[in-house]
Amino acid sequence: MSTERKVALVAGANGVIGRNLVDHLVSLGDWEVIGLSRRGGTGRGRVRHVAVDLLDPADARDKLGGLTDVTHVFYAAYQDKPTWAELVGPNVGMLVNLVDAIEPVARGLRHISLMQGYKVYGAHLGPFKTPAREDDAGHLPPEFNVDQQNFLEQRQRGKAWTWSALRPSVVCGFALGNPMNLATVIAVYASISKELGVPLRFPGKPGAYTSLLEMTDAGLLAKATVWAATDERCGNQAFNINNGDLFRWHELWPKLARWFDLEVAPPLQMSLETVMADKEPLWNAMRERYGLEPSFGEVSSWRFGDFVFGWDYDVIADGSKARRFGFHEFVDTEEMFLSIFDELRKRKVIP
């Protein structure tokens, strides 16, 4: 066991990725963790939280200037915007402001980990080369994931610290108020369907029901993130991280419906953002009837659901590079979804 002190700075600590990363770091027993988010959080044990607006360079310098003992930065912050172009400014800016604030004071900085995704390969634009590989050719901007990595590559030159970039597929885990949470989308959509006495219909494009997909479990991603940040072989490298299995919705959808005791009817393309626009009163009645905790706003990621269910093309990436470098963990995707549903029910998020 290494006796060197390890202090993790986790940006986006309240999101589905950051929350699971913090929990994993704590479970390892030899990390001190500082969680960054706009709203902060409650400290526990070896974890403390700092409320900071990373969009504000002055606030970043003020709040992070004293964190001289940080050894590893894990960047999983995200600012949602309506267009691809509008995503670039704030998401690149937050990373730049964090590095500008922490690099001059954290003299023992060893690694900066960047959370990316398949947008690097153009997965959000339409059918792309699959399985995508880390060394695939780039595409026309705008794309903030690419700009973030370019910034780190340039900043790292001549420095003692290294960087890594993790590229998961759709990340699934427990977190509320997250704009990209597919498991919660499915769970709430199914719960509302059951409450209304209708079958669970796949709402996406017809071609999406039969396309080949993969997911990334948030716990698996946390393990991969720490591995890449601490294994010297992974310095200045990017890695696709996925569960290791593939699926098609037409096979998985009935199994998910069965967990909710729902029948499945033929797919019907519809915008969840549109059909859920009037469901808040129904959800409030369900909260009262079943003792549910979250508000409708906290469980509403409908636009992201529409985005994922609109993929009428294969969305898969080659995960073999991570295995070649030494990461061999995997997760069964069906079991992942059912486990998250169990957790959502246990925490009174769904009936």
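Everything quoted here is computed from the prediction, not taken from an experiment.
Judged by distance alone, with hydrogens and angles left aside, the side-chain atoms of D312 form no donor-acceptor pair with the main-chain N or O of P206 at under 3.5 Å. Although no hydrogens or angles enter the test, the distance criterion places a donor-acceptor pair under 3.5 Å between the side chain of N236 and the main chain of W163. In terms of modelled atom types and a separation under 3.5 Å, the side chain of N243 and the main chain of D217 share a donor-acceptor contact. With Q116 contributing its side chain and N145 its backbone, the two residues share a donor-acceptor pair below 3.5 Å. Between the side chain of R46 and the main chain of V26, no donor-acceptor pair closer than 3.5 Å is present. Although no hydrogens or angles enter the test, the distance criterion places no donor-acceptor pair under 3.5 Å between the side chain of E143 and the main chain of G122. Side-chain N or O atoms of Q148 include one that pairs as donor or acceptor with a backbone N or O of N91 at under 3.5 Å. A donor-acceptor pair under 3.5 Å is formed between the side chain of N240 and the backbone N or O of A132. Proximity of a side-chain donor or acceptor of R39 to a complementary backbone N or O of A51 within less than 3.5 Å is not detected. In this structure, the side chain of S211 engages the main chain of G207 through a donor-acceptor pair within 3.5 Å.
With a 6.0 Å radius and a threshold of 12 heavy atoms from other residues, nucleotides or ligands, F330 has its CZ atom at or below the threshold. More than 12 heavy atoms of other residues, nucleotides or ligands sit less than 6.0 Å from atom CD of E153.
D53 has no carboxylate O lying under 4.0 Å from a charged side-chain N of R61, or vice versa, which leaves the two without a salt bridge. A salt bridge links E329 and K223; the closest N-O separation between the charged side-chain nitrogens and carboxylate oxygens is under 4.0 Å.
For the pair D80 and F304, the minimum side-chain heavy-atom distance is 4.5 Å or more. Side-chain atoms of R110 and T230, non-hydrogen and from C-beta on, never get closer than 4.5 Å to each other. Contact check for V170 versus T216: no side-chain heavy atoms found under the 4.5 Å cut-off. No side-chain heavy atom of V10 sits under 4.5 Å from any side-chain heavy atom of Y75. In this structure, the side chains of I34 and V7 come closer than 4.5 Å at one or more pairs of heavy atoms. Contact of the P267 side chain with the R201 side chain is not registered, since no non-hydrogen atoms from C-beta on lie closer than 4.5 Å. P168 has its side chain within reach of M115: a pair of non-hydrogen atoms, C-beta onward, lies under 4.5 Å apart. The side-chain heavy atoms of I192 and M286, taken from C-beta on, include a pair separated by under 4.5 Å.
Ring to ring, F247 and W249 are close: their centroids are under 6.0 angstrom apart. The aromatic ring centres of W31 and H72 sit less than 6.0 Å apart. With ring centers used as reference points, W84 lies 6.0 Å or more from F144. Taking the six-membered ring wherever Trp is involved, the centroid distance between the rings of W253 and F260 does not fall below 6.0 Å.
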Does the pair R5 and E32 meet the rule for a salt bridge (charged side-chain N to carboxylate O under 4.0 Å, His left out), with working shown?
CA-CA 8 Å; R5 189 181 183 195; E32 298 169 49; 2.7 Å; yes

For side chain to side chain contact (heavy atoms under 4.5 Å, CB included), just list the numbers for L272 and V185, CA-CA rounded to whole Å, side-chain angles, deciding distance to a tenth of an Å, and then say yes or no.
CA-CA 9 Å; L272 291 178; V185 168; 3.9 Å; yes

Determine whether K255 and E334 satisfy the following criterion, salt bridge (charged side-chain N to carboxylate O under 4.0 Å, His left out), listing intermediate values before the conclusion.
CA-CA 8 Å; K255 298 174 182 178; E334 178 185 343; 3.6 Å; yes

Please lay out, stage by stage, how Y189 and M276 fare under the test side chain to side chain contact (heavy atoms under 4.5 Å, CB included).
CA-CA 9 Å; Y189 171 46; M276 292 296 176; 3.5 Å; yes

Might you work through the side-chain hydrogen bond (donor to acceptor under 3.5 Å, both in side chains) test for E195 and W283, ending with a clear yes or no?
CA-CA 9 Å; E195 190 71 10; W283 182 256; over 6 Å; no

List the steps, then state whether side-chain hydrogen bond (donor to acceptor under 3.5 Å, both in side chains) holds for H111 with T162.
CA-CA 5 Å; H111 193 82; T162 57; 2.8 Å; yes

Could you go through E103 and R155, starting from their C-alpha distance and side-chain angles, then the distance that decides it, and tell me whether this counts as salt bridge (charged side-chain N to carboxylate O under 4.0 Å, His left out)?
CA-CA 10 Å; E103 188 189 25; R155 188 68 169 255; 2.8 Å; yes

Residue pair L64, V105: steps toward the side chain to side chain contact (heavy atoms under 4.5 Å, CB included) verdict
CA-CA 9 Å; L64 309 183; V105 300; over 6 Å; no

Can S191 and K194 be said to form a side chain to side chain contact (heavy atoms under 4.5 Å, CB included), step by step?
CA-CA 5 Å; S191 299; K194 187 172 184 178; 5.8 Å; no

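Cluster annotation: L182 is connected to V275 through the hydrophobic network of ILVMFWY side chains, with a link wherever side-chain heavy atoms come within less than 4.5 Å. A continuous path of ILVMFWY side-chain contacts below 4.5 Å connects V264 to L196, so both sit in one hydrophobic cluster. Taking hydrophobic clusters as Ile, Leu, Val, Met, Phe, Trp and Tyr residues chained together by side-chain heavy-atom distances below 4.5 Å, V349 shares a cluster with Y290. The cluster map of Ile, Leu, Val, Met, Phe, Trp and Tyr, joined by side-chain heavy atoms under 4.5 Å apart, puts L125 and V308 in the same cluster. Residues L292 and L282 share a single hydrophobic cluster, defined by chaining ILVMFWY side chains whose heavy atoms lie under 4.5 Å apart.
Judged as a side-chain hydrogen bond (donor to acceptor under 3.5 Å, both in side chains), the pairs with a partner in residues 9-18 (not counting sequence neighbours) are, in order, N14-S37. For residues 212-235, every residue pair satisfying the ring pair (Phe, Tyr, Trp, His ring centres under 6.0 Å) rule, not counting sequence neighbours, is listed here: W227-F239, W227-F327.
Cation-pi geometry between R347 and F174 is met: the NZ or CZ atom falls under 6.0 Å from the ring centre, inside 45° of the normal.
Ring geometry, W311 versus F307: the interplanar angle exceeds 60°, so the pair is classed perpendicular (tilted spans 30 to 60°).
Closest approach of E214 and D245 over heavy atoms only: CB-O, 3.6 Å. What you find for Y313 and A123 is that their closest heavy atoms are OH-O, 2.6 Å. Residues A11 and L98 share a closest heavy-atom pair of CB-CD1, 3.7 Å. Among all heavy-atom pairs drawn from F128 and D314, the shortest one is CE2-O, 3.6 Å. Annotation for P294 and V299: closest pair CG-CG1, 3.6 Å, computed over non-hydrogen atoms. Here the closest non-hydrogen pair linking D136 and P131 is OD2-O, 4.5 Å.
Here the OG-CG distance, from S193 to L200, works out to 5.5 Å after rounding to the nearest 0.5 Å. Here L109 contributes atom CG and T68 contributes atom OG1; the two are 12.0 Å apart, rounded to the nearest 0.5 Å.
Using modelled atom types and a 3.5 Å distance limit, the side chains of D306 and S271 yield a donor-acceptor pair.
For the side chain to side chain donor-acceptor pair (under 3.5 Å) test with Y121, the passing option among H139, K129, R167 is R167; the others fail.
With a 4.5 Å cut-off between side-chain heavy atoms of Ile, Leu, Val, Met, Phe, Trp and Tyr, the cluster of L246 takes in L212, I316.
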